[in-house]
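Working notes for the structure below.
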Amino acid sequence: MDKIKFDTKSLDLFYGDFQALKSINIKICENEVTAFIGPSGCGKSTFLRCLNRMNDLIDSVKMKGEIIFDDKDINGDIDVINLRTRVGMVFQKPNPFPMSIYDNIAYGPKCQGLKDKRKLDTLVKESLTKAALWEEVKDRLNKSALGLSGGQQQRLCIARTIAMNPEVILMDEPTSALDPIATAKIEDLMSSLKKDYTIIIVTHSMQQAGRISDKTAFFLMGEIVEFDETPKIFTNPNDKRTEDYITGRFG
Amino acid sequence: MIYLIEKFKKEYLGRSIVTVLGIVIILVTLSITGFLFYKGLGTFVTYNHSVWEFLFSSEWKPADNFDGGGKVGAAIFIVGSLLISFLALLIATPFSIASAVFMTEISPKLGKKLLQPAIGIFVGIPSVVYGWVGLTVLVPAIAHVFNLPYGFSVLAGGIVLALMIFPTITSVSVDAIENVDNGYKEASYALGTTRWQYIYKVMLPSATSGILTGVILGLARAFGEALAVAMVIGKMLTFPDNILSATNNMTAEIASDMGNSAQGGEFNDALWSMALLLLIISFIFILIMRIIAKKGEEVK
Ligand SMILES: Nc1ncnc2c1ncn2[C@@H]1O[C@H](COP(=O)(O)OP(=O)(O)OP(=O)(O)O)[C@@H](O)[C@H]1O
Ligand SMILES: [Mg+2]
């Protein structure tokens with residue numbers, strides 16, 4: 001049995017009066033790719049954002065229940081800054097900062113106090129290499145990141161996250177704004193990142209979930225209907241609703 | 001027939017009213033500009049003064065008659081206007097940016113409840129009131145603090161103007177900050193940065209072009225303000241030695257002598273030349289603002 005990275009116990013989440021997550025229980029294992037699937041509005045992003053406490057940015061959010069990360073409840077008395085350096089996030093829309101490619105990568109480590117120029121240089125190169133972007137940008141590190149293509153921008157955002165050397169990377173539909181070739185590159189990337197990181201990805205593409213994930217959780221109206229090995233979910237789900245969804249019979 | 005009238009009403013009436021009003025505005029602007037050029041050039045055409053003399057000489061003795069032959073060096077007023085306006089900017093900008101950051105990032109609730117209405121009130125106060133308060137509170141206070149015979153000074157003008165342009169710069173900065181892509185904020189927080197790191201390193205740099213637009217708008221307003229400044233600047237025809245000396249500026253001089261000079265005389269024409277200069281300066285400000293806005297767009 002693999003080591004458990006996140007252990008969520010009866011988590012409820014409310015936006016004001018609206019309950020977006022209902023009694024979520026899920027154990028996410030280390031060095032695996034876990035996929036969240038489900039129809040729009042079922043709470044996938046909401047749950048993902050619980051894992052690095054991004055919901056703190058939304059005033060109306062109230063939570064009950066526990067999310068144990070390693071051995072501490074992240075909703076308890078923890079250092080949020082530290083949590084977010086250990087649990088990185090890549091967003092649906094590529095959102096590089098309006099700075100140079102180099103500065104985009106160096107920004108996070110610099111904010112943590114890393115000043116040594118040589119170390120930063122190495123870190124930038126390493127992160128870009130891991131994100132399969134180094135060859136394409138090594139001659140234009142000082143050019144604005146906004147001049148990159150959408151797919152390159154998204155790999156830059158992944159590189160930026162890797163530069164923090166996190167333990168977990170959360171990805172919210174990271175390829176939904178990209179063309180098939182850029183998508184393929186990022187999927188390859190995820191498989192190669194798996195050995196160093198725990199990856200949790202939200203996706204609307206069944207094929208993507210099937211290709212890249214070890215385990216899949218099916219969300220429906222704020223609940224996790226089923227969570228199991230990906231092949232099992234896709235070939236022989238226990239719940240009728242899961243089957244309806246993955247076969248496209250779902251309304 | 002009825003159908004045609006209906007159609008006319010629906011389609012053409014609204015559009016023609018808007019077009020006509022638009023043309024009227026353009027015509028008015030053009031005629032004011034034309035009129036200012038016509039009046040303002042009299043000094044140089046009718047009375048044969050050089051632009052050089054007007055801009056760079058400090059000898060101001062225009063003849064209040066139609067023979068001319070006086071001196072029209074406006075340098076003191078020009079320097080006065082520049083000094084006071086930039087001083088006002090220097091004082092107001094830090095407060096404006098700090099308030100804008102407070103209202104958008106630190107405490108939007110308090111900001112929207114307290115600061116926003118307060119700023120609205122600031123805008124609504126007529127300039128004569130600013131001048132009057134400046135005259136009764138600020139001028140004596142400066143005299144007292146710095147141990148001077150009187151407190152009319154560049155500093156007094158700068159502070160009064162700073163109060164007047166503070167709301168402009170603040171509200172434009174708030175807009176600029178609110179326009180910063182929310183994705184930057186999420187990205188920054190997700191990298192484990194603090195709120196201040198985000199504000200300094202990402203948010204403010206991204207909002208710079210918008211904030212600069214506010215600053216230039218404030219500067220334009222400061223340049224054009226007459227009444228409040230006239231009341232506290234001291235109206236002395238000398239260059240100021242430091243920011244505690246009295247001096248004069250263009251708007252104050254125009255306001256105080258436009259009625260005391262013969263229409264079309266040299267004195268009167270010299271005042272018109274200053275008005276023209278103010279117009280040209282405001283055109284330059286608009287131009288700069290355009291350029292900055294364009295640069296900002298390019299970055300996005
Ligand atoms: N900031 C918010 N305030 C109030 N309600 C919200 C907020 N964000 C999301 N919701 C609601 O919570 C529910 C879950 O939203 P969430 O974004 O988690 O869905 P999702 O599964 O990620 O959907 P999608 O696949 O479309 O991204 C939705 O009904 C949504 O309307
Ligand atoms: Mg979502």
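Below, read A as the first sequence line, B as the second, and so on, with proteins coming before strands; counting in each chain starts at 1.
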Heavy-atom neighbours of A:Asp17 CG exceed 12 at 6.0 Å: no
Engaged part of A:Ile81 at the chain B interface, taking heavy atoms whose separation is under 4.5 Å: both
Side-chain touch A:Arg49/B:Glu186, heavy atoms, less than 4.5 angstrom: yes
Exceeds 12 heavy-atom contacts within 6.0 angstrom, atom CZ of B:Phe95: no
Contacting moiety of A:Pro94, where chain B heavy atoms sit under 4.5 Å: neither
For A:Lys125, all residues meeting salt bridge (charged side-chain N to carboxylate O under 4.0 Å, His left out), sequence neighbours excluded: none
Atom group of A:Phe91 that falls short of 4.5 Å from chain B, counting heavy atoms: side chain
Residues, nucleotides or ligands: over 12 heavy atoms within 6.0 Å of B:Arg290 CZ: no
Residue B:Lys112 excluded, over 12 heavy atoms near NZ under 6.0 Å: yes
Most contacts with chain B, counted as non-hydrogen pairs under 4.5 angstrom, among A:Asn95, A:Asp56, A:Thr161: A:Asn95
Interchain contact, A:Val87 with chain B, by part (heavy-atom threshold 4.5 Å): backbone
Toward chain A: residues of residues 187-203 of chain B with heavy atoms under 4.5 Å: B:Ala187, B:Ser188, B:Tyr189, B:Ala190, B:Leu191, B:Gly192, B:Thr193, B:Thr194, B:Gln197, B:Tyr198, B:Lys201, B:Val202
Nearest non-hydrogen partners of A:Pro98 and B:Tyr184, listed with the distance: CD-CZ, 3.4 Å
A:Asp77, CG atom: more than 12 neighbouring heavy atoms under 6.0 Å: no
